[in-house]
**Q** 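My structure is below; once you've seen it, I'll send some questions.
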Amino acid sequence: MPTILDGVSTNETEGLRAVMAYADPTAPKLATEFNATSSVALECLLVDRFNPDASVDKAQLRRMCSAKVRERSGQETRTIADLIGVYDPQDLSAPVSKAYVTLAKGATFFLTDVRGIHLDGPALVAGDLSTIYKVQVDYRIEIQGADNDEYQFKAGVSVLDWWENVAFVA
């Protein structure tokens, strides 16, 4: 019988933070960049899970002498599904409105996705891994929630650059 290995639970083990600046996104500093007072923790202000995706342009290579068509990979594109969050429409300085204010149209920052570490667990340490997306907010619109729901907004972002499995430094 094969050995079935348990994976890492996704429940409460993903942090998402808007970091205003990294001097070097390949070596993000925990204390002065990720944990800067200007950074905004988004995981408890967003309604849906963070959902990045990727695609690759493919060229078809044909030859007159063959019935087979080969493919060649081209440019890679990263996308992020719309971010939907909650806010207080009468108090934009309230803690619940931090994502709304941060995700203003035209804003550029780094979305830092940390997976596999429980949100109530120990603090991040040097060596922990993240994926970082440099993004620009394309739009932000207030949307209607369901009856007895909370006021919500939706923001769309464009991915300008990205770095995978980047280790934090002290």
**Q** With sequence neighbours excluded, tell me which residues meet salt bridge (charged side-chain N to carboxylate O under 4.0 Å, His left out) with E164.
**A** R78

**Q** Quick check: do R49 and T10 have side-chain heavy atoms less than 4.5 Å from each other?
**A**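 In short, these two side chains touch, coming nearer than 4.5 Å.
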
**Q** Got a sec, which residues hit side chain to side chain contact (heavy atoms under 4.5 Å, CB included) with V8, two or more places apart in sequence or on another chain?
**A** none

**Q** If we ignore hydrogens and angles and just use 3.5 Å, is the side chain of E33 paired with the main-chain N or O of A23 as donor and acceptor?
**A** yes

**Q** If you count the non-hydrogen atoms of other residues, nucleotides and ligands that lie under 6.0 Å from CG in L92, is the total more than 12?
**A** yes

**Q** Hey, what else clusters with F34 if you join Ile, Leu, Val, Met, Phe, Trp, Tyr whenever side-chain heavy atoms sit under 4.5 Å?
**A** V19, Y22, L30, F110, V114, I117, L124, I132, W163, V166, F168

**Q** Do I143 and Y87 share a hydrophobic cluster (ILVMFWY, side-chain heavy atoms under 4.5 Å, transitive)?
**A** no

**Q** Under 3.5 Å, is there a donor-acceptor pair between the side chain of E14 and the main chain of R115?
**A** no

**Q** Please determine whether the number of non-hydrogen atoms from other residues, nucleotides or ligands lying under 6.0 Å from atom CD of E150 exceeds 12.
**A**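 Check fails, neighbour count at 12 or below.
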
**Q** Check whether D161 reaches the backbone of K134 with its side chain - one donor and one acceptor, N or O, closer than 3.5 Å.
**A**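 Judged by distance alone, no pair lies under 3.5 Å.
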
**Q** For the side chain of S97 and the backbone of D88, is there at least one donor-acceptor N/O pair under 3.5 Å apart?
**A**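 A pair under 3.5 Å: yes.
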
**Q** Would the number of heavy atoms belonging to other residues, nucleotides or ligands and lying under 6.0 Å from CD of E76 be above 12?
**A**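 For E76, atom CD is crowded (more than 12 foreign heavy atoms under 6.0 Å).
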
**Q** Taking the ring centre of each residue, are Y100 and Y151 less than 6.0 Å apart?
**A**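 Not under 6.0 Å, so no.
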
